[in-house]
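Scroll down for the structure; my scribbles are underneath it.
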Amino acid sequence: MMTQVSPRRIIIDTDPGQDDAVAILLALASPELQVEAIMTVAGNVSLAQTTKNACALLELAGREDVPVFAGAARPLHKAPISAEYVHGETGMGGANLPTPRLREQPMDAATHLIDVLRKEPKGAITLVCLGPLTNLAHALTHAPDIAPKISRIVAMGGAQREGGNITPTAEFNFFVDPHAAKIVMGAGIPVTLLPLDVTHRAIATPARLAPIAALGTPVGDMVVRMLGAEDRFEKLKYGWEGGALHDPLTIGWLLRPDLFSGRDCNVEIEIEAPLCLGQSVVDLWKVTDRLPNALWIDHINSDAFYTLLTERLARLV
């Protein structure tokens, strides 16, 4: 007799963003995952806009039961920056979503996370982090006792081989709030990082988007429109056939880790050197005595991932 496996319980911390939106939809379409809450943070666009976007996405997916908690409106110690030049004024260029009726909960994200985790047994919740890590850093700073309650952090962030996408050395999420990233990476929690080194291997080419367009559903149509809007920036910047699908790889790793490979290594975040602010310093070859603190993913079976994405998006009509 087969034993039924319970879904993995996850909380998504996000700054939607087109690729964040696709990650959220992929999670909602996957029965292996139980999305218990969405926390929002300022990043791609302002906190008010990322919160509005999260609510609109839940309405689109028919999942108004998932609560939304607004979090940090600015980084811990530096001036905020955003990325409307990539994602459009709303952060969801191409989505054309109506104004949502769903509203966020009155409690802020960090307080909610602390309250939830303190009630849970060790390792009960997986955190999926798609934006700057400010909310989680606030929670860990105010309540370090919650760290053992987190099963794993799966985050899109960092870069080594690919260099930075916001400065020559830094990836956007870590650059927006490097101090938060440093706190999280030093908290002793198991971390899987999906950096630019792997997301730049998952290009949304026309051939990979065609099956999603062929679904003929509102969700499929919106995903293709959004990725097309975001693609224009990366096509111009990198000369690719399409844009990189960054944030959905976090959910992809949770669903099909066999599609990915990487190595356990030490990752430190630079917070002092101006030219390298937010840089992820990755000890791939163990040339220091620093202990590994992350699984650094650097390879993906991209075609298989896009097949998985298409199959799951087909479940959302």
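Since the structure is predicted, the reported quantities are computational estimates derived from the model, not experimental observations.
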>> If we check side chain to side chain contact (heavy atoms under 4.5 Å, CB included) with Q279, which of these qualifies: T167, T169, I271?
In response: T169
> Can a cation-pi geometry be assigned to K78 and F175, taking NZ or CZ under 6.0 Å from the six-membered ring centre and within 45° of the ring axis?
Replying inline: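 Verdict for F175: a cation-pi partner in K78.
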So, do [X] and [Y] sit near enough that their side-chain heavy atoms are less than 4.5 Å apart?
{"X": "I81", "Y": "I166", "value": "yes"}
{"X": "M107", "Y": "D115", "value": "yes"}
{"X": "P100", "Y": "K52", "value": "yes"}
{"X": "R208", "Y": "D303", "value": "yes"}
{"X": "L58", "Y": "L28", "value": "yes"}

> Could you state the interatomic distance from CZ (R256) to CG (L249), rounded to the nearest 0.5 Å?
Replying inline: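 Nearest 0.5 Å value for the CZ-CG distance: 13.5 Å.
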Regarding [X] and [Y], do their side chains bring together a donor and an acceptor under 3.5 Å, going by distance alone?
{"X": "N53", "Y": "T50", "value": "no"}
{"X": "S302", "Y": "R201", "value": "no"}
{"X": "E162", "Y": "Q160", "value": "no"}

Is there a continuous path of hydrophobic side-chain contacts, each under 4.5 Å between heavy atoms, that joins [X] to [Y]?
{"X": "Y306", "Y": "L26", "result": "yes"}
{"X": "L308", "Y": "V224", "result": "yes"}
{"X": "I10", "Y": "L136", "result": "no"}

> Any idea which heavy atoms bring L102 and E59 closest together, and the distance?
Replying inline: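 Residues L102 and E59, closest heavy atoms: N-OE2, 2.6 Å.
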